[in-house]
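In what follows, a single structure is set out as C-alpha cells and then discussed.
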Number of protein chains: 4
Amino acid sequence: MGKNRLEAFSDGVIAILITIMVLELKVPHGDRLDTLGPLIPVFLGYVLSFVYVGIYWNNHHHLLHTLHKVTGPILWANLHLLFWLSLIPFTTGWMGENHFTAVPCALYGVVMLMCAIAYWLLQQAIMAAQGADSLLRRAVGRDWKGNASPLAYLAAIPLSFWSPVLATSLYVLVALVWLVPDRRIEHVLD
Amino acid sequence: MGKNRLEAFSDGVIAILITIMVLELKVPHGDRLDTLGPLIPVFLGYVLSFVYVGIYWNNHHHLLHTLHKVTGPILWANLHLLFWLSLIPFTTGWMGENHFTAVPCALYGVVMLMCAIAYWLLQQAIMAAQGADSLLRRAVGRDWKGNASPLAYLAAIPLSFWSPVLATSLYVLVALVWLVPDRRIEHVLD
Amino acid sequence: MGKNRLEAFSDGVIAILITIMVLELKVPHGDRLDTLGPLIPVFLGYVLSFVYVGIYWNNHHHLLHTLHKVTGPILWANLHLLFWLSLIPFTTGWMGENHFTAVPCALYGVVMLMCAIAYWLLQQAIMAAQGADSLLRRAVGRDWKGNASPLAYLAAIPLSFWSPVLATSLYVLVALVWLVPDRRIEHVLD
Amino acid sequence: MGKNRLEAFSDGVIAILITIMVLELKVPHGDRLDTLGPLIPVFLGYVLSFVYVGIYWNNHHHLLHTLHKVTGPILWANLHLLFWLSLIPFTTGWMGENHFTAVPCALYGVVMLMCAIAYWLLQQAIMAAQGADSLLRRAVGRDWKGNASPLAYLAAIPLSFWSPVLATSLYVLVALVWLVPDRRIEHVLD
C-alpha cells in the first residue's frame, strides 16, 4: 500500500473535523449584537481547537514525509490517531458551552493527551517499519516540543479542577509554542 | 475510466461517514462528569463502528489494488457498497442511544450483512472484469475472514432478540478478528 | 488551470452531498421496530436521490474525460451544477418527510430540471472551449438519455399536483433508465 | 513540503464549507408552498455565499499556481484564510434567518473583510517566499478587484446600520464584479 491514499484519507478526515467544529457555533435566535454574547466562549474554544487540528495536520504531513511503504501497524496507528482527533469537536463544544469549567477542561486535556499518545504510537510504528537507519528516528531526537506537550496536557488535567483558567492557559501556551517558529532553539538542539 | 477517481470518491465518502458518526455524540447540557454517563453507550457504539468503517476502508483499498480499468458494473457495485456503509452512522446512533437493545442490535446486523454482501458483489464485479487469470480470484480463495463475517452477522440478527449482549459481542469479535494480524493462520492456508 | 483540481473539488462536493443526505434519516426515539415506520418514505427518498447523485457523479466524470484545459466559463458552469446538486438533500428531505405529497414532489422535479439544465450548460461550455473538432460534440449527438431526462422532469412537475405517485414513478423510471446498461439501443443509435 | 497536499487539504475544507451552508436550509414542517416562504432569505443568503466561496476557491487556485515550495508562514497563512472562510456558513445563516437586518449584515461584512485580509496575508507570504523575481508580485500589480473588495466590505459594515439593503447590495455587487469576466478592463490595466 502506497502512502498516497493514507495521506488523502487522513487529509479528508482532518479537513472534515476542522470544519465540523464550526457547527457547534449555532446560529442564535434574535438579531441583536448581545445574542452573540453566549457564543464567545464557544468561538474561543473553536479558535483553540482549529489551531490544534492545524498543528496536527502539519505535523502529520511531516511525519509521513519519510514514509514509503504503509504496513498494517502504521495503517491502524494512523486510524487510531484519527479516532482521538475526531473527539476534539465534541470536547471543544462541551468546554465552550460550559464557559471553560472544571470537568470539560479536564476532558479536553484527556483527549489532547490521547491524541499525543496516538501520535507517538504512529511515530513508533513508522520507525519500527523503517528499521535501524530510520530517517524519522534521527529527526525525533530533537523533538522537544513533541516530548513536552503530553507532559503539559498531563499537568493540565488535575489543574482543571483547581483552576480551569490556568489549565486553559496551558493549552493555549502549548498551541503557541507549536505556532511560533523557533529556529534559534532548534539550532541549539541540533 | 481510471481507478484514481473511483478511489478518491470512495475515500471521500468513507472519510465523511467515519466523521459524521461522531456527530451522534451530542454535547450534553451541564458540565458535571455524570452528564457524560448517558453518552457512554453512544461512545462505545462509535468505537465499534469506527473500527468497522476503518476495516472496510482498508479492505476496499486492497480490493482495488489489482484493478486497472473501471467498468460500469464495478462503478455501480462500488456505489452500492458506499450506500450500505452510509447507513452505519444511523444504525450506530440508534443502537447507542437505546443502550444496545434488541431491535437496534438486529438492525445493526442487517446493515452489516448488507455491507458484506455489497462488498462480495464488488469483488465479483472486479473478478468478472479481470477474466480467467484474475489476480483477485487467487487472493480471495484464502479469504476465510471474508467468508465467515457474513455468517456471523446472519447469526447475530436473530440472536439480538434473545440476548443483545451476545449479538453485540459477536460484532466486537468479528471486528477484533479483522484487527488482529493472523500471519500464522494465513501461512497455513497458503 | 488543469482539470485535476476541478475534478477533485467536484468529487469532494458530490461525496459530501451524497453523505449529507443520510443525516435526514434522524435517529428515532424508542427502540421498537414500528418507530422506524415514519422513516420509510425518508429512506426511499434517500435511495432515489443517492442513485441520482451517483448518476451525476458518473456522468460528470465522463463529461470531463475529454477536457484538458479549464476555462473561466467551464469553471463557473461546473460550480453552477454543484449549486443545484447541493439542493437535492433539501428537496429529498422535504419530499420524504411529507410522504411524497404534491408540492414537495413538484419541487423535487424543479431541482432535478435545474440540475439537468446546469449539466447541459456545462456541456455547452466544454464544447465551446474545444472548438469545431470537439470530441464531446460527437459523443453528445447520440445522448438520447440526456435529452429525454429534462423532458421527463418537466412533465413530472405539473403531474405532481394531479398524482404525486405518478410523478415519483417518473423520477424512478428516469433513474432506472440511467442505471440499466443499454448497449443494444446505443448500437442502433450509433 | 509540496503544494499538492496543501491544495488537496484546502479543497477539502472549501468543499465541506460550501456544502455545510446548505444545512442552514432546514426542511420545514408542512408540505404547502407557503411553508417555503421563510426560507427565501436563507436561500438568497446561501446563493450569495455559495458564489463568494466559489470565488475564493477559484482565486485560491490561481494564487497557488505560481507556488512550488510551501514554507511555514505560507502554511499558517493558508490555515488562517481557511479559518475565516469557515465562519461564512455561520454569518450566512444568521443573516438569512433574520431577513438581512443590521447587525447580521454588518457581521457578514466583518467576516468578508477578515477573509480578504487573510487572503492578502497569504499573498504576501507567497511573494516573500518567492523573493525579488516573484511571478505573483507581477500579477498582483493589476489586481484592482483584490484591492477594491476590502474597501467595499469596509464601507458595507457601517452602512448596514443605516440601510442593510444597501450593504447587501454592495456584497452582491462585489460578487458580480468577480463573476463577470472583464477582459477589456484587464487589457487597459495591463
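By convention in this document, chain letters (A, B, ...) are assigned in the order of the sequence lines, proteins followed by strands, and residues within each chain are numbered from 1. Hydrogens, waters and symmetry mates are skipped; everything else that's a heavy atom, side chains included, is used.
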What part of [X] is in contact with chain A, defined as an atom under 4.5 angstrom from a non-hydrogen atom: side chain, backbone, both or neither?
| X | answer |
| --- | --- |
| B:Ile55 | both |
| B:Ile14 | both |
| B:Leu17 | neither |
| B:Ile18 | side chain |

Any A:Val103 side-chain heavy atom under 4.5 Å of B:Asp31 side chain |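 The answer is no; the side chains never approach within 4.5 Å.
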Please state whether the rings of B:Phe50 and A:Phe83 are parallel, tilted or perpendicular, taking 30° and 60° as the class boundaries.
-> perpendicular
Where B:Ala15 and A:Gly12 come nearest, the two heavy atoms and their spacing = CB-C, 4.2 Å
Inter-residue atom distance [X].[atom1] - [Y].[atom2], 0.5 Å rounding:
| X | Y | atom1 | atom2 | answer |
| --- | --- | --- | --- | --- |
| A:Ile16 | B:Ile20 | CD1 | CD1 | 8.0 Å |
| B:Asn58 | A:Leu75 | CG | CG | 4.5 Å |
| B:Tyr46 | A:Phe90 | OH | CZ | 11.5 Å |
| B:Thr35 | A:Asn98 | OG1 | CG | 7.5 Å |

Winner by heavy-atom pair count (cut-off under 4.5 Å) against chain B, out of A:Asn4, A:Thr101, A:Thr91 | A:Thr101
Has the side chain of A:Trp94 got a donor or acceptor atom that lies under 3.5 Å from a matching backbone atom of B:Lys26?
->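 Absent.
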Per-residue tally against chain A (heavy atom, under 4.5 Å) across B:Met21, B:His29, B:Arg32 peaks at B:Arg32
